[in-house]
Protein chains: 2
Amino acid sequence: MTDTKTRILDTALALFNRFGERNVTTNHIAGELGISPGNLYYHYRNKAAIVSALFDRYQAHLLTLLTVPAGPLTWEDKMRYFEGILESMWEGRFLHRDLAHFLHQDPALRERYKRFVEDSLARGLEIYRRLRDSGLIEASDEELRALLVNTWVLAASWSGFTHGLNPDIADDETLDRRLLRQGIYQIICLEAPFLRGEALRHLDAMKREYRIDENALDRLFGADGLVHPE
Amino acid sequence: MTDTKTRILDTALALFNRFGERNVTTNHIAGELGISPGNLYYHYRNKAAIVSALFDRYQAHLLTLLTVPAGPLTWEDKMRYFEGILESMWEGRFLHRDLAHFLHQDPALRERYKRFVEDSLARGLEIYRRLRDSGLIEASDEELRALLVNTWVLAASWSGFTHGLNPDIADDETLDRRLLRQGIYQIICLEAPFLRGEALRHLDAMKREYRIDENALDRLFGADGLVHPE
DNA sequence: TGATTTTTAGAGTAATTACTCTAGAGGTCA
DNA sequence: TGACCTCTAGAGTAATTACTCTAAAAATCA
């Protein structure tokens with residue numbers, strides 16, 4: 001059995017992602033775990049400390065994934081990157097969803113978050129440059145920077161977007177996975193215009209792999225959007 | 001003097017955008033207005049009703065802006081569209097920031113929001129098709145749909161992103177405007193690869209117009225990102 | 001003017017919820 | 001065994017805050 005401290009984090013993360021941090025009380029977390037509130041507060045001095053610890057885990061994990069690799073990059077490396085990073089961001093989606101509040105109430109977190117974003121974007125830029133060196137991407141540094149910011153915002157906000165359209169998502173593990181994959185599709189489309197070589201050759205296959213044909217997104221555009229498929 | 005009902009909405013909107021809905025109590029709103037809490041509750045039966053009314057205003061305004069125009073479209077029309085829409089979304093940024101919570105606590109709003117997004121995207125698609133007909137854009141329907149979703153998510157999340165990096169933004173009206181413009185720049189970059197004709201010819205000018213040279217975003221990428229400008 | 005309706009004030013309440021405090025169980029080491 | 005430390009329980013508290021209620025002022029109308 002893992003220790004209580006870790007179990008509190010795991011349970012809190014699951015509940016936060018599912019119901020939103022605002023709707024999950026400390027008593028709720030303790031209850032779900034079958035421990036007393038006092039016990040919970042023995043391990044974390046307050047609710048914000050739990051959020052803070054979760055953020056640390058999240059940040060450490062993501063920065064590990066964003067380590068610039070050694071050898072030359074293939075398009076498969078690139079896809080692995082994407083999938084890992086987006087999955088990891090999806091896992092910490094409650095953080096992005098209520099980010100404003102967390103940063104508002106915790107100045108220390110504010111600073112850490114800022115550095116975290118800067119770090120992530122800097123590493124991302126490095127990786128993109130490597131992809132350019134490998135001939136998989138063609139773009140100026142300015143274009144890369146804009147692309148990166150857009151990718152970051154999209155990845156961070158994707159869960160919020162899908163959650164808004166489908167609030168019951170939390171109850172459906174399968175749908176959850178599908179929407180994550182659709183998010184990857186959206187990001188593929190984001191950088192599609194810049195792909196070259198092998199990456200470009202596999203673009204259609206990748207799009208097909210991640211797009212969901214009969215999903216909520218298609219219905220978004222109404223009948224008109226479906227009547228004239230590409 | 002506008003009536004109390006409208007003044008409540010205006011004040012609430014300003015406070016919500018500035019401090020986040022979560023941090024603004026009904027007493028706070030009443031206090032800011034110089035009226036009593038009871039008065040406020042005479043006009044709106046609860047806090048959610050205020051949010052709901054603000055959402056109605058927001059939605060109506062945005063859908064008006066998204067009306068498909070009559071004649072053929074020029075690249076200047078396009079820019080006007082962008083600026084109007086993004087400014088309007090910026091004006092209702094608190095809604096997007098705490099969207100998950102609002103939808104969680106108000107099932108009716110949930111439905112309205114869903115229809116609103118569907119409507120907006122459908123109209124957006126129509127407009128993009130018109131731009132394609134006018135020779136300003138070249139993209140398949142599939143690409144347009146992905147582009148639209150990305151644009152929507154980015155526009156809706158942009159304020160959250162900048163707010164996270166710069167929480168003091170609310171106190172600085174000028175910085176506020178600059179970040180909004182930077183958001184427009186990001187969206188221009190999003191669709192840049194699909195531009196043709198006149199739109200393409202003015203792309204660089206538009207980028208220059210909206211990008212902020214010495215801003216927080218540049219610093220995001222650290223020294224390395226600045227050492228090798230495009 | 002008087003009657004009726006709309007609007008306002010502001011004290012007060014009920015419920016939520018983050019958090020505290022005391023006491024004790026369970027393990028470890030001498 | 002006994003001393004000590006880690007961990008746990010759970011009742012209780014303090015503070016916040018959305019919201020209510022009564023009554024009176026202001027406006028409208030006959």
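You'll find the side chain of B:R93 stays beyond 4.5 Å of the side chain of B:Y58, heavy atoms only.
Taking the centre and axis of the six-membered ring of A:F82, the NZ or CZ atom of A:K78 falls inside the cone set by 45° and 6.0 Å.
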Original post:
Under the side chain to side chain contact (heavy atoms under 4.5 Å, CB included) criterion, do A:Q182 and A:Y210 qualify, and how do the steps go?
Top reply: CA-CA 6 Å; A:Q182 180 72 26; A:Y210 286 99; over 6 Å; no

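For B:H43, the NE2 atom counts as densely surrounded, since its 6.0 Å shell holds more than 12 non-hydrogen atoms of other residues, nucleotides or ligands.
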Might you list the N or O atoms of the protein lying below 3.5 Å from N or O atoms in nucleotides 14-19 of chain C, with each pair's distance?
unit_1	atom_1	unit_2	atom_2	d
C:dA18	OP2	A:T26	N	2.9
C:dA18	OP2	A:T26	OG1	3.2
C:dC19	OP2	A:Y41	OH	3.3
C:dC19	OP2	A:K47	N	2.8

Please list each protein N or O that sits under 3.5 Å from an N or O in nucleotides 4-8 of chain C, with the distance.
unit_1	atom_1	unit_2	atom_2	d
C:dT7	OP2	B:Y42	OH	2.9
C:dT8	OP1	B:T4	OG1	2.7
C:dT8	OP2	B:T4	OG1	3.2
C:dT8	OP2	B:N39	OD1	3.3
C:dT8	OP2	B:H43	NE2	2.5
C:dT8	O5'	B:N39	ND2	3.1

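Using bins of under 30°, 30° to 60° and over 60° for the plane-to-plane angle, the ring pair B:Y113/B:F55 lands in the tilted bin.
Residues satisfying the ring pair (Phe, Tyr, Trp, His ring centres under 6.0 Å) test with B:F102, not counting sequence neighbours, are B:F94.
Side-chain atoms of A:R110 come within 3.5 Å of backbone N or O of A:L103 as a donor-acceptor pair.
For B:Y128 and B:E191, the side-chain atoms include at least one donor-acceptor pair closer than 3.5 Å.
Spacing between atom CD1 of A:I8 and atom P of D:dC7 amounts to 11 Å, rounded to whole angstrom units.
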